Every structure is written in structure tokens, then in C-alpha cells.
> 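Before anything else, here's the structure in question.
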Amino acid sequence: CGKKNRCVITLVKRIAILNKRTFYLTTPIYYVNDAPHIGHSYTTIAADVLARYKRAKDLDVFFLTGTDEHGQKIQKAAQACNKTPIEFVNGVVDKFKTLWNNLDISNDDFIRTTDERHCRRVEEIFQQIFENGDIYLGEYEGWYCIPCESFWIESQLEEKKCPECKRPVEKVKEKNYFFRLSKYQKSLLDYYEKHPHFIQPESRKNELLHRIKTQIEDISISRSAVEWGIQVPMDPTHTIYVWIDALLNYITALGYNDDMQKFQKYWPANVHIIGKEILWFHGVIWPAILMSLKIDLPCKVFAHGWWTIEGQKISKSLGNAIDPTSIIQSYGTDAYRYFLLREVPFGLDGNFSYNALIHRINSDLGNDLGNLLQRTLTMIEKYFQGVIPEIVDTDDELKRLSKSTCDKVDAEMEELQFSKALENIWAFIGHANKFIEDKKPWVLAKTNTTRTQLAAVIGSLAGAIKDISVFIYPFMPRTAVEIQQQLGILEDNRSLCLEFQQGFKKDTVVRKGKPLFPKIDPLVLENVS
């Protein structure tokens with residue numbers, strides 16, 4: 001009976017979480033040993049799209065991102081520049097914030113692990129875990145990768161190199177504080193079984209499960225040889241391992257152990273969006289820490305794939321990073337946002353190509369979307385003096401297709417399948433373009449007897465484009481605003497109209513502007529790499 005009651009309580013809690021009208025999502029906090037690259041922007045754009053989508057659904061969204069600023073790698077990078085660690089990280093953090101601004105990232109908070117609010121709360125949480133009996137002093141002897149700030153056992157190494165960044169590892173032997181991760185092996189396996197969608201995609205969960213079942217060892221969570229970090233509260237000769245410090249940001253940003261009202265409002269996180277290389281930390285170590293603290297686990301951890309170039313992972317450590325700033329300066333913010341989330345199913349690896357980017361701009365954005373808007377506005381100006389006609393006919397084919405598209409997009413967005421959501425949106429755009437060819441409004445305009453039919457066709461197209469602006473808003477906010485401006489919707493700097501299938505005001509006058517996405521000559525590739 002006791003076990004049954006606990007299951008019922010757990011079920012009730014999960015239902016309450018699912019029914020709450022708040023939505024808390026996070027990116028990882030990014031390590032600031034160098035400028036941001038395409039991988040950072042990919043994760044953050046995906047989170048931003050989801051945040052905008054949920055806000056449009058009238059949820060109270062809290063979207064967190066930030067920077068991870070402690071550890072040996074930062075310490076060495078600062079020394080190489082003849083700077084103090086805080087001087088060094090301040091400069092790099094500014095680059096992240098500038099890029100997020102240029103990419104229209106709508107985060108609600110930006111946490112830095114050097115923030116006083118974070119440092120103080122991390123010390124308190126570390127002390128709490130220690131008092132719970134899950135931290136002890138021991139001796140670590142093994143392999144450590146400085147670029148990745150990761151400990152590895154010998155069987156995980158590839159020719160004495162880090163399996164992630166392929167750089168040489170160092171043999172270290174030191175007294176450290178350890179977290180009793182092995183204590184939570186069974187609890188983790190039980191949780192995975194009861195919450196099959198906790199880790200996504202499925203393939204990542206299976207990889208993690210295999211590793212958990214094989215062996216879990218206690219992990220070192222302090223360093224005695226690293227000065228740049230948060231001190232262990234009961235032993236100031238040690239600093240807290242950078243990964244433990246970093247993971248705690250998800251609750252320190254909500255004021256855990258301080259502003260509990262905010263924490264209780266938004267926690268547990270609805271989703272942590274991360275790269276697959278840090279899934280072990282988020283899918284095993286982080287849940288175990290939360291179990292030690294007796295805090296609910298996040299609802300989902302989604303580990304997306306890597307971007308590659310010529311089949312090799314793009315990363316700063318490998319020296320092949322692509323600068324997002326150069327790309328958006330050459331091709332535009334919305335084109336970049338669209339390409340990253342359309343080109344590759346979210347969760348899989350993708351190969352970056354400038355040719356593929358230009359093809360998406362010319363074909364999807366220019367020919368499909370841009371031409372649909374231009375043709376429709378031109379016909380409104382030509383046949384109705386620039387005023388969007390009212391629809392008298394209630395049998396609106398595009399309106400029905402729009403509703404079914406909305407349902408499909410909702411289903412894909414709930415699963416974080418951004419590429420599939422965009423495929424459905426572009427299928428609707430294709431239907432709208434075909435609708436023009438099928439209805440032939442230029443023929444209907446030749447006689448007065450078909451004037452009502454012409455108004456229905458043009459009015460229907462205008463309504464479809466309005467809905468398209470709502471569909472694409474999370475992905476391409478600037479383009480959504482531009483479309484609505486050209487449709488004559490935005491006036492006096494009012495906010496974007498996100499009401500799905502809402503009609504136009506009487507006598508709305510269109511304001512046709514420049515093409516949304518002018519054609520790019522694929523033979524003239526700018527050197528933006």
C-alpha cells in the first residue's frame with residue numbers, strides 16, 4: 001500500500017507539473033575560454049524558438065542562459081593573455097551577450113558563475129550535500145582533460161587522448177572531495193524506467209542507460225590545484241569542480257535557498273536543451289545531485305547533435321569553429337536562424353555548408369515565402385487599390401489547411417522537432433502558392449461577374465500569409481514583423497499580432513516593401529569563414 005500511495009503521489013505531482021502555466025527552459029551555460037561559435041548559437045537559437053513559441057501560447061516562460069567562468073582552462077587562458085581571470089572572462093562574456101542580442105535571443109535571465117548570487121548559493125548547496133552525507137574526502141588518481149575540464153578513466157581514452165576533444169590528457173593524483181554518485185545508481189535506473197521520456201532523443205537515452213548499468217563510480221567534485229573557482233565551504237584549500245559549480249546554475253538562477261517563491265514557481269525545469277557531449281553530466285550527475293538535495297528532477301533533457309564541417313565536429317578545441325557573427329552580417333539573422341533549425345532534424349548531427357545556406361535562402365525564403373507575399377500584395381494593389389478585400393465566402397480552403405497546419409506544428413514543437421515543424425509550415429506555403437496557380441486571379445479579374453470570387457481568393461491569400469507570419473514568428477521574428485507591416489497590420493509601433501486566424505480590420509491598406517529575401521548568386525560566395 002505504501003508503494004502504491006507513493007506512486008499515486010508521484011503521478012499527481014507529474015500531472016500538476018504538466019498542467020502548470022509556467023515553462024522553464026535552459027541552455028547550458030557556455031564556457032568562456034574563447035568567443036562563441038556556431039554550436040553555441042545552435043543551442044541558444046533552438047531554446048529561443050521554443051521560448052517564443054510557448055509565450056505565444058500564453059505560458060509564463062522563464063528562459064535562462066549564461067556563462068561558465070571558473071576552472072583551470074580559464075585560469076590558463078587568462079595567464080596566456082597577461083590578464084586576471086575576471087578581466088579575461090568579462091571580455092568574452094561581452095561577446096556572448098552581443099551575439100545573443102544580434103540573434104534576437106529573448107532570454108529572461110543571463111547567469112554568470114562569477115555572480116555573487118550564484119557563488120553564495122553554490123557554497124550553501126555544497127554544504128547541504130555534505131551534511132546529507134553525500135560528500136567525503138578521498139584521493140583521486142586518474143586522467144584529466146584540461147580543455148574539457150573532464151575526468152576520464154583509462155578505458156574511456158582513445159590512444160591516451162580525450163574522447164571528446166582528441167587532445168592529450170594529464171595524469172593527476174590529488175586529495176579531493178568526492179560525491180557519492182554510486183549511491184544513486186539504482187535510483188537513477190528506477191527513474192529512467194518510470195520516466196521513459198526524461199532523456200531525448202531515444203538513442204541518447206539508450207547510450208546513457210548502458211553506461212549507468214555497467215558501472216557508476218563516485219566522482220571527484222573539488223580541485224586542490226585550481227585557484228580560480230568557488231571555494232569548498234568547509235575547506236578553503238579546495239575549489240569546487242567547475243562542472244558541479246556549472247550544473248547548479250539551473251537552480252541558483254531561480255533563487256534556490258534564497259528566493260524560494262521564484263524557485264517554486266518555475267522548478268522543475270520543463271527542458272534542459274544541451275549538446276550530446278555533455279549528456280553524462282546532465283543525465284546522470286545532475287539528477288543524482290538533485291536526488292541528494294531531495295529536489296524534483298527536470299521533466300526533460302534534450303541532447304541535440306553536433307554540427308560538423310567535412311565530417312568533423314565543429315568546436316573551438318579543434319580549431320575549426322565557424323563565426324556566427326560573420327554569417328549573419330552576410331546573410332541576415334533570420335536566414336541563419338531558419339537554416340540551422342530547418343537543415344537538420346533536431347537531435348541528429350548536421351554538416352554545415354555555405355552552399356546549402358544559400359540554397360535555403362534562395363529557394364525556401366526567397367522563392368517560396370518572399371514571392372508569395374510579393375505576388376499577393378501586388379494583386380491587392382492592382383485589383384483592390386491596396387485594400388485587403390473582405391471574404392464573403394465561408395468555404396475557405398486555405399483557412400482549413402491553416403488550421404490543420406497549426407495542429408501539425410503544435411505536435412512537432414511539443415517534441416522539439418523544429419525541422420519537422422518548419423517542413424509543415426513550408427508545405428502550407430507551397431499550398432498557398434499552388435492556390436494562386438489553381439484559382440488564376442488574373443483571369444477572375446477580367447469580368448465583373450467574378451469579382452466576388454476574386455475577392456475571396458485574394459482575401460484568403462492575405463489571411464493565409466497572416467497565419468504564416470504567426471507560424472514563423474518563433475523562428476524568424478524579424479521576418480514575421482516585416483510581413484505584418486507589409487500586410488498593414490502593425491501601426492503605431494504596436495506589438496506583433498500572434499492571434500491565429502484573426503481577420504483583418506475593415507479597409508486595411510497594404511504597404512508593399514522590398515522583397516523579403518533578395519536572391520543571392522550562388523557563384524559569388526563571400527569568404528565568411
Side-chain angles (χ1 to χ4, degrees), residues 22-36 39-41 43-48 50-51 54 60-71 73-74 85-101 103-126 128-129 149 221 228-231 239-275 278 281-282 285-286 289-290 293 295 297-298 301-302:
T22 60
F23 194 89
Y24 179 37
L25 76 157
T26 71
T27 71
I29 52 173
Y30 302 112
Y31 208 59
V32 290
N33 63 311
D34 205 344
H40 301 120
S41 65
T43 312
T44 312
I45 289 169
D48 180 69
L50 187 60
K54 292 294 184 181
D60 179 356
V61 172
F62 193 83
F63 168 22
L64 176 69
T65 188
T67 45
D68 180 7
E69 303 177 23
H70 290 133
K73 186 161 53 172
I74 297 291
I86 192 63
E87 288 173 337
F88 177 81
V89 297
N90 283 343
V92 182
V93 167
D94 286 344
K95 294 178 182 178
F96 275 85
K97 288 185 174 181
T98 298
L99 180 59
W100 293 169
N101 182 61
L103 286 172
D104 296 325
I105 304 302
S106 62
N107 53 293
D108 297 285
D109 195 0
F110 187 103
I111 190 163
R112 300 178 56 177
T113 55
T114 53
D115 287 344
E116 188 275 334
R117 58 170 174 161
H118 176 76
C119 296
R120 171 170 46 82
R121 291 166 185 166
V122 166
E123 290 177 350
E124 293 170 356
I125 293 167
F126 195 96
Q128 186 178 343
I129 298 171
E149 299 277 11
I221 58 168
W228 179 239
I230 301 173
Q231 290 183 339
T239 57
I240 297 171
Y241 176 39
V242 63
W243 260 108
I244 302 303
D245 168 8
L247 287 167
L248 292 173
N249 92 91
Y250 302 127
I251 58 175
T252 64
L254 294 182
Y256 177 74
N257 266 359
D258 194 352
D259 180 8
M260 291 302 287
Q261 184 176 356
K262 184 177 181 181
F263 175 78
Q264 289 166 359
K265 178 180 180 181
Y266 290 107
W267 190 262
N270 294 81
V271 60
H272 294 315
I273 299 178
I274 63 168
I278 55 175
F281 296 98
H282 286 80
I285 296 174
W286 178 228
I289 289 172
L290 292 171
L293 293 168
I295 297 175
L297 271 58
V301 176
F302 196 106

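Each residue takes its place number in the sequence, starting with 1. Everything numeric here is computed off the predicted structure, so don't read it as measured data.
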> I'd like to check Val242 versus Tyr31 (side-chain heavy atoms, cut-off strictly below 4.5 Å). Are they in contact?
yes
> For Tyr266, which residues count as a ring pair (Phe, Tyr, Trp, His ring centres under 6.0 Å) partner, sequence neighbours excluded?
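Partners of Tyr266 under the ring pair (Phe, Tyr, Trp, His ring centres under 6.0 Å) test: Phe62.
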> Identify the heavy atoms of Asp104 and Asp48 that sit nearest to each other, and give their distance.
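Shortest heavy-atom contact: O-OD2, 3.5 Å.
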> Thr65 versus Phe96: any side-chain heavy-atom pair under 4.5 Å?
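SC-SC contact between Thr65 and Phe96 ruled out.
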> What pairs of residues pass the side-chain hydrogen bond (donor to acceptor under 3.5 Å, both in side chains) test when at least one of them lies in residues 92-101, not counting sequence neighbours?
none
> With rounding to the nearest 0.5 angstrom, report the CD1 to CD1 distance, Ile295 to Ile289.
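Answer for the CD1-CD1 pair, Ile295 versus Ile289, is 10.0 Å.
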> Look only at the side chain of Asp108 and the backbone of Phe63, and say whether a donor-acceptor pair between them is shorter than 3.5 Å.
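Indeed, once roles are kept as given, a pair shorter than 3.5 Å links the two residues.
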> Enter the distance from Phe281:CZ to Ile244:CD1 here, rounded to the nearest 0.5 Å.
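The CZ atom of Phe281 sits 8.5 Å away from the CD1 atom of Ile244.
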> Locate the shortest heavy-atom distance separating Cys119 from Thr113; write the atom from each residue and the value.
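Where Cys119 meets Thr113 most closely, the heavy atoms are SG-O, 3.2 Å.
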> For a 4.5 angstrom cut-off between non-hydrogen side-chain atoms, does Trp286 reach Leu248?
yes
> Just so I know, are the side chains of Asp68 and Trp243 near enough to count as touching, which here means a heavy-atom distance under 4.5 Å?
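In short, these two side chains do not touch, never coming nearer than 4.5 Å.
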> For the residue pair Ile29 and Ala246, what are the closest heavy atoms and their distance?
CD1-O, 3.6 Å
> Please assess Val89 against Arg112 for the test side-chain contact (heavy atoms from CB on, under 4.5 Å), listing each intermediate value before the final yes or no.
CA-CA 10 Å; Val89 297; Arg112 300 178 56 177; 3.8 Å; yes
> Determine yes or no for a side-chain-to-main-chain donor-acceptor pair under 3.5 angstrom, with Asn33 supplying the side chain and Ile74 the backbone.
no
> Please name the residue in the list Val93, Ile86, Val92 that meets the side-chain contact (heavy atoms from CB on, under 4.5 Å) test with Asn90.
Ile86
> Stepwise, does the side-chain contact (heavy atoms from CB on, under 4.5 Å) test hold for Leu103 with Thr44?
CA-CA 9 Å; Leu103 286 172; Thr44 312; over 6 Å; no
> Which salt bridge (charged side-chain N to carboxylate O under 4.0 Å, His left out) pairs, counting each pair once, include a residue from residues 113-122, with sequence neighbours left out?
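Sorted pair list: Asp109-Arg117, Asp115-Arg117, Glu116-Arg120, Arg120-Asp258, Arg121-Asp258.
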> Should the pair Trp267 and His272 be assigned to parallel (<30°), tilted (30 to 60°) or perpendicular (>60°) ring geometry?
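Geometry flag for His272 against Trp267: tilted rings.
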> Nearest 0.5 Å, please: how far is CD1 in Ile251 from CG in Asn257?
7.5 Å
> Counting distance only, does the side-chain N/O of Thr239 pair as donor-acceptor with the main-chain N or O of Trp228 below 3.5 Å?
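A pair under 3.5 Å: no.
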> I need the minimum non-hydrogen distance between Leu254 and Lys262, along with the two atoms involved.
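Leu254 and Lys262 have their closest heavy atoms at O-CB, 3.6 Å.
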> Given side chains that start at C-beta, do those of Lys54 and Asn270 come closer than 4.5 Å, heavy atoms only?
no
> Between atom CZ of Phe23 and atom CG of Leu50, what is the distance when rounded to the nearest 0.5 Å?
4.5 Å
> Hey, what do you get for CZ (Phe263) to CE (Met260), rounding to the nearest 0.5 Å?
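Separation between the atoms: 5.5 Å.
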> Locate the shortest heavy-atom distance separating Gln231 from Glu123; write the atom from each residue and the value.
O-CG, 3.9 Å
> Please check if the side chain of His118 supplies one atom and the backbone of Asp245 the other of a donor-acceptor pair under 3.5 Å.
yes
> Check Pro298 against Pro268 and note the closest heavy-atom contact, atom names and distance.
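In terms of heavy atoms, the two residues are closest at CA-CB, 4.1 Å.
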> Does the side chain of Thr252 reach to within under 4.5 Å of the side chain of Val122, using non-hydrogen atoms?
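Yes. Closest side-chain heavy atoms under 4.5 Å.
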> Taking the side chain as everything from C-beta on, heavy atoms only, tell me whether Thr27 gets closer than 4.5 Å to Ile273.
no
> Would you give the length of the straight line joining atom CG of Leu290 to atom CD1 of Ile285, rounded to the nearest 0.5 angstrom?
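Going from the CG atom of Leu290 to the CD1 atom of Ile285 covers 12.0 Å.
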> Flag the pair Tyr250 / Ile111 as yes when at least one side-chain heavy-atom distance between them is below 4.5 Å, and no otherwise.
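The answer is no, as the side chains (C-beta and beyond) never meet within the 4.5 Å cut-off.
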